[in-house]
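Here is the naming used below: chain letters follow the sequence lines, and residue numbers restart at 1 for every chain. Keep in mind that what you see is a predicted model, and the values were worked out from it rather than measured.
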Amino acid sequence: MNDIFQDLKWRGLVYQTTDDSLGDWLLEQPRIVYAGFDPTADSLHVGSLLPLMMLRRFQRAGHQPIAVLGGATGMIGDPSGKSAERNLLDQAMLATNLAGIEKQIQHVLSVSGGPEPIIVSNSDWINRFSYIDFLRDVGKNFPVNVMMAKDSIKSRLEGESGISYTEFSYMLIQAYDFVHLNRQYGCELQIGGSDQWGNITAGIDLGRRMTGHKLYGFTNPLLTKSDGTKMGKTESGAIWLSAERTSPYAFYQYWINVADDDAGKCLRFLTEIPREEIEALDQSRATEPHARASQKRLAESMTRMIHGDAGLASAERATAVFFGAEIQDLDDKQLLDIFADVPSVTVARSELDEPGLPLLEAMARCGLAKSKGEARRAIEQGGAYVNNRRIDDVDYRLSSCDLASENIIVVRSGKKKFALLKFD
RNA sequence: GGGGGGAUACCGAAGCGGUCAAACGGGACAGACUGUAAAUCUGUUGGCUCAUGCCUUCACAGGUUCGAAUCCUGUUCCCCCCA
């Protein structure tokens, strides 16, 4: 049993604990730990990665992780950290979301040698309650004045939007989850982000009243970026864990592009890279920032964990293609995989026959240029590429020699704008 | 209700009879540089068969003129001042 608490402290992941001796308590024997996940979509995104990794750290240290999916609470919405009332999810959507998320959690928590994770949905026990039973058994133990004092509730009461009775009750359900897990599995520790503190302590209080057991709580700081924007968000949307929503390439790129100021934190918070190596990377960032060793290591580690070796390989290959030399020796399938996010147009194969398809025409047609005039400008300024080879001849015509693979020509305008021409 | 000002390209803003596809600034795009960063510098920024050529555009519809973003009439919308 290794000293997980020391490692967490070093990583800066300890924010609050309900008990100062939590570190020692964890060393005494394997404990059972839980964290909750909201099923707001059919995939987790980068924002959920931190709590998930926390569970995994405990798991690696020999503790039993339980992931609780908010099948019941997801139908209500957690008011913590939210400024406005949330939309409610419908049953069917919730079921899809639960299934998708369970798969991802299972994947990240499949640590060899560690205890098997338990993944449950709180709808399993909450839905059995009648309203009256719940009020009698659980609600009775909640003094409203104490609830009103919690930050998560207080801030909403002070704000303009107020809070509905439904969201107000959220805390009771999550608190009861903890008690249930304690009874059913002997779970004694709940972990979560610092915004969960109110909910966690509510569960601990409820446990003391209902069972007399002593429960523990632990929160980690939220992962924030130095520029104040939200981690895991880009202009084009959130970064998801599922390959369908965010390709391994895009996922990899997100980490490669992490700002220097955030890289150290990401390495500590989100990866299991050991202390010595992270400190070496800190050093490298200070002395040779252009090497971007931290970002590369971060991207590699994250992509491998979420998308596996194959996903990492495809992301790296795509990166080489996006930023590297000429495209050759690839087949249709590889190209389509690499350029999964890139727009494409289908063109009749006969257009490649003599005299060939003018590049101007092709660029305008696939959307890289709004007009032929714009395409012309791009070429004249050296911003046009076919299969990553710069073309500076305005009259260039594409022929079958330009096929990068069986049926595809890759056209690029500027540094990062790609389009595919598919021939049939 | 009365009086005045305005509507120009992605945005802001000049132009007030020909030399106007329309200054300038911002943005955007491209190139160089660089760390797939920031800053900087350079170029481009209505469409076309790329041309001392044609077409479409200065709120909308008409008109005057050899010629209109520019002058006139009407319409719509906006702003300001006085009631």
> Between the side chains of Q174(A) and D177(A), is a donor N or O closer than 3.5 angstrom to an acceptor N or O?
Replying inline: no
> Taking atom types as modelled and ignoring hydrogens, do the side chains of Q334(A) and S405(A) form a donor-acceptor contact shorter than 3.5 angstrom?
Replying inline: no
Could you tell me how far [M] sits from [N] if I compare only their [atom1] atoms? Round to whole Å.
N	M	atom1	result
C20(B)	G15(B)	C1'	9 Å
A13(B)	U65(B)	P	35 Å
G63(B)	C29(B)	P	43 Å
G25(B)	U76(B)	C1'	30 Å
A21(B)	U36(B)	C1'	37 Å
C60(B)	C77(B)	C1'	10 Å
A68(B)	U57(B)	P	13 Å
U8(B)	G3(B)	P	26 Å

Counting only non-hydrogen atoms, which of [range] are less than 4.0 Å from RNA chain B?
range	answer
residues 355-373 of chain A	S371(A), K372(A), G373(A)
residues 288-300 of chain A	P289(A), H290(A), R292(A), Q295(A)
residues 253-262 of chain A	Q253(A), I256(A), N257(A), D260(A)

Could you tell me which residues satisfy ring pair (Phe, Tyr, Trp, His ring centres under 6.0 Å) with [X], sequence neighbours excluded, listed by chain and number?
X	answer
F218(A)	none
W25(A)	Y216(A)
Y34(A)	F178(A)
Y249(A)	F322(A)

> So where does chain A start and stop touching RNA chain B, 5' to 3', when the test is distance under 4.0 Å to a non-hydrogen atom?
Replying inline: A30(B) to C50(B)
>> Applying a 4.0 Å non-hydrogen cut-off, can you work out what R285(A) is touching in the nucleic acid: base, sugar-phosphate, or nothing?
In response: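 Nothing: the residue R285(A), judged by heavy atoms under 4.0 Å, touches no strand.
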> With a 4.5 Å limit on heavy-atom distance, are the side chains of R412(A) and N388(A) in contact?
Replying inline: yes
>> Taking side-chain hydrogen bond (donor to acceptor under 3.5 Å, both in side chains) as the cut-off, I'd like each qualifying pair that reaches into residues 362-377 of chain A, sequence neighbours left out, listed once.
In response: E351(A)-R365(A), E361(A)-R365(A), E361(A)-K372(A)
> Can you list every side-chain hydrogen bond (donor to acceptor under 3.5 Å, both in side chains) pair that touches residues 15-24 of chain A, not counting sequence neighbours?
Replying inline: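 Matches after skipping sequence neighbours: Q16(A)-T219(A), D19(A)-S21(A), D19(A)-K214(A).
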>> Taking the nucleotide of RNA chain B with the nearest heavy atom to each, does Y252(A) or G382(A) sit closer to the 5' end?
In response: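 Here G382(A) is the residue nearer the 5' end.
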>> If you assign A384(A) and R377(A) each to the RNA chain B nucleotide with the nearest heavy atom, which residue ends up on the more 5' nucleotide?
In response: A384(A)
>> Pairing check on G62(B): which nucleotide meets the Watson-Crick or G-U wobble criteria with it, both distances under 3.5 Å?
In response: C72(B)
> Which base, if any, makes a Watson-Crick or G-U wobble pair with C33(B), both distances under 3.5 Å?
Replying inline: none
> Does the pair D42(A) and R245(A) meet the rule for a salt bridge (Lys or Arg N to Asp or Glu O under 4.0 Å), with working shown?
Replying inline: CA-CA 10 Å; D42(A) 64 5; R245(A) 281 173 174 262; 2.7 Å; yes
>> Using the salt bridge (Lys or Arg N to Asp or Glu O under 4.0 Å) criterion, which residues pair with R268(A)? Sequence neighbours excluded.
In response: D282(A)
> So F339(A) and F418(A), would you call those rings parallel, tilted or perpendicular, with 30° and 60° as cut-offs?
Replying inline: tilted
> In chain order, what residues pass the side chain to side chain contact (heavy atoms under 4.5 Å, CB included) check against S169(A), with sequence neighbours excluded?
Replying inline: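 Here the qualifying residues are Y165(A).
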>> For the CD atom of Q295(A) and the CG atom of D260(A), what is their distance to the nearest 0.5 Å?
In response: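 Taking CD in Q295(A) and CG in D260(A), the distance rounds to 5.0 Å.
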